[in-house]
Amino acid sequence: MITIEEMAVVDANAAALGVPRKQLMESSGRAVARVVREYADPKDDVVIVAGRGNNGGDSFAATRFLDAYDPTVLLLGRAETISTEISWENWVALNRGEYDTREVRDSRDLDLGTPDLIVDGILGTGVRGAPREPAHTAIERINESNGTVVSVDVPSGMDANTGTVASVAVDADHTVTFHDVKPGLDSMEGSVTVADIGIPAMADTLVERGDLLRLGRAPDSHKGDNGTVLVIGGGPYTGAPALTAQAALAAGADIVRVACPTSVAATVQSFNEGLIMTPLDGERLGSDHVSTLLEAATEMDVAVIGPGLGAHEETLTAAQSFISSFDGTCVVDADPLGVVPDAASTDASLICTPHAGEFHRMGGDPSDGWRDRMDDVRTVATDLDATVLLKGRYDVIADGSTGRTRVNRSGTPEMTVGGTGDVLAGIVGAFASVLEPIHAAAIGAYINGRAGERASNERASISPLDIIDRVPEVLDA
Ligand SMILES: NC(=O)C1=CN([C@@H]2O[C@H](COP(=O)(O)OP(=O)(O)OC[C@H]3O[C@@H](n4cnc5c(N)ncnc54)[C@H](O)[C@@H]3O)[C@@H](O)[C@H]2O)[C@@H](O)CC1
Ligand SMILES: Nc1ncnc2c1ncn2[C@@H]1O[C@H](COP(=O)(O)OP(=O)(O)O)[C@@H](O)[C@H]1O
Ligand SMILES: [K+]
């Protein structure tokens with residue numbers, strides 16, 4: 001099962017892995033033709049009704065595999081309104097090849113004839129709202145005809161995610177859907193064929209630029225729409241919480257608050273006046289701070305606990321008490337990772353970001369190879385009912401509740417410099433306020449690594465601040 005949004009990510013990641021959309025369209029077209037040949041007799045009259053998007057493009061490609069039927073292609077709309085490059089190229093190929101193509105400018109021109117088989121390539125996953133003319137009339141004419149109807153990807157007019165029909169939809173005898181079945185097709189009449197269109201097997205595991213589609217920031221997003229983050233850190237160290245907080249801002253958090261001991265609060269504030277401070281009396285995090293932290297955390301979308309807290313007994317006890325009492329989304333990094341296994345049955349949605357040593361302390365035993373690590377991380381994530389991001393040359397991310405596992409390959413060896421983990425925790429925190437944990441962690445690792453690559457390209461040795469500086473440009477890439 002795959003939703004429209006997930007399909008768009010996988011499609012874009014296939015392109016990032018070297019299999020461009022036009023190649024997928026060719027495979028889709030071939031898959032449609034294979035099913036048509038199953039249901040059409042040799043001398044049948046086949047008509048292909050195409051829309052102006054890639055659904056239509058698929059049916060243009062299919063045409064070239066249906067020469068035996070000498071099909072007629074009806075484009076609903078003027079050719080110059082074809083809305084995608086790859087669809088246009090397939091339309092041009094049909095016309096250069098002297099196929100029988102017609103442009104139907106409005107429903108008065110629509111003459112379906114009495115075909116034995118109709119390919120419905122009008123609307124697919126890109127439909128928005130009720131089909132407009134001439135699609136509306138075309139759908140009604142297809143439903144009135146006696147021909148066998150084969151729909152491309154989705155019966156036109158149906159919402160692929162929900163199966164709902166806004167006004168009219170094609171009543172398909174057969175639907176050829178691509179890569180995986182869409183939720184809306186589950187409950188419909190007619191047969192559904194799931195066609196493999198050659199998307200690389202790892203396209204939904206490997207984190208690539210297609211994943212940035214998940215961040216589709218609402219164009220009119222206002223302050224606070226893109227998340228608020230509480231960083232709980234500092235004590236022995238001042239730099240770490242400041243890096244995490246600045247990274248969260250760079251990754252799009254609107255408001256970042258830092259809860260840290262008074263002994264370091266002024267220094268942390270000095271790093272960035274945009275940070276709001278919540279000073280904790282004393283030199284280090286202690287149990288009498290926990291209620292203040294819980295209060296502060298409930299006002300924010302995400303808490304990030306760990307950077308620079310140190311491993312003092314009292315601090316770890318306080319961290320454990322916070323984690324087990326908190327019921328929101330919480331990124332755990334650095335020393336407190338060791339207490340996560342003891343903070344059992346917390347209601348919080350935890351995102352743990354260990355490196356190999358911390359992973360060991362959490363009960364994990366990281367294999368050498370990243371493929372084996374996928375199982376190791378999934379096991380620990382499931383045991384802890386948390387999302388776990390095991391950092392390394394390849395970052396391995398697993399969601400304990402679904403078992404979904406992803407792998408991020410971005411980054412450079414220069415990133416083993418201290419502080420890159422603090423930066424990563426801040427980026428993940430910012431994304432966790434707008435994305436589900438597995439994707440916040442996966443995309444956080446991807447962005448952190450890509451920013452590190454850019455920094456490494458520009459200078460021999462890099463600092464965490466160099467990575468932070470490049471996060472915004474990577475987000476816009
Ligand atoms: N995402 C993927 O991985 C792949 C998608 N492919 C095809 O691409 C299709 C999605 O293509 P698109 O995103 O271009 O969208 P569609 O081709 O489904 O529809 C978009 C087109 O229809 C028009 N349209 C939208 N709503 C309308 C309405 N209510 N009334 C009339 N016209 C309307 C739009 O202006 C646009 O021209 C899939 O269904 C599938 O057939 C395949 O090429 C295989 C790969
Ligand atoms: N050898 C490497 N090659 C590429 N990326 C790396 C490498 N080592 C670490 N990274 C990246 O740097 C980030 C921080 O990893 P790490 O240095 O282990 O964290 P920490 O700073 O907590 O020790 C990770 O997200 C990882 O992707
Ligand atoms: K369709």
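All heavy atoms count here, side chains included; hydrogens, waters and symmetry mates do not. Note that ligands are numbered from 1 as they come in the structure, with each ligand's atoms numbered from 1 the same way.
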> Identify the closest protein heavy atom to atom 18 (O) of ligand 2: which residue and atom is it, and at what distance?
Replying inline: His355 CB, 3.5 Å

>> Tell me if the CG atom of Asn457 is crowded by more than 12 foreign heavy atoms within 6.0 Å.
In response: yes

> In ligand 1, which numbered atoms sit nearer than 4.0 Å to a non-hydrogen atom of Met7?
Replying inline: 1 (N), 2 (C), 3 (O)

> When you look for heavy atoms under 4.0 Å from ligand 2, do you find them on the side chain of Thr353, its backbone, both, or neither?
Replying inline: neither

> Would you say Gly421 has any N or O atom under 3.5 Å from an N or O of ligand 2, going by distance alone?
Replying inline: yes

>> Please list the nearest protein heavy atom to atom 8 (N) of ligand 2 with its residue and the distance rounded to 0.1 Å.
In response: Thr416 CG2, 3.4 Å

>> Check this for me: Glu144, atom CD, are more than 12 non-hydrogen atoms of other residues, nucleotides or ligands nearer than 6.0 Å?
In response: yes

>> With respect to the K ion (ligand 3), please indicate if Val154 possesses an N, O or S atom at a distance under 3.4 Å.
In response: yes

>> Hydrogens and angles aside, do Thr164 and Thr162 bring a side-chain donor and acceptor to less than 3.5 Å of each other?
In response: yes

>> Below 4.0 Å, non-hydrogen atoms only: which portion of Met415 touches ligand 2? Side chain, backbone, both or neither.
In response: both

> Do Asp153 and Thr177 have side-chain atoms, one donor and one acceptor, less than 3.5 Å apart?
Replying inline: yes

> Can you give the angle Asp120 O - the K ion (ligand 3) - Ser156 OG, rounded to 10°?
Replying inline: 90°

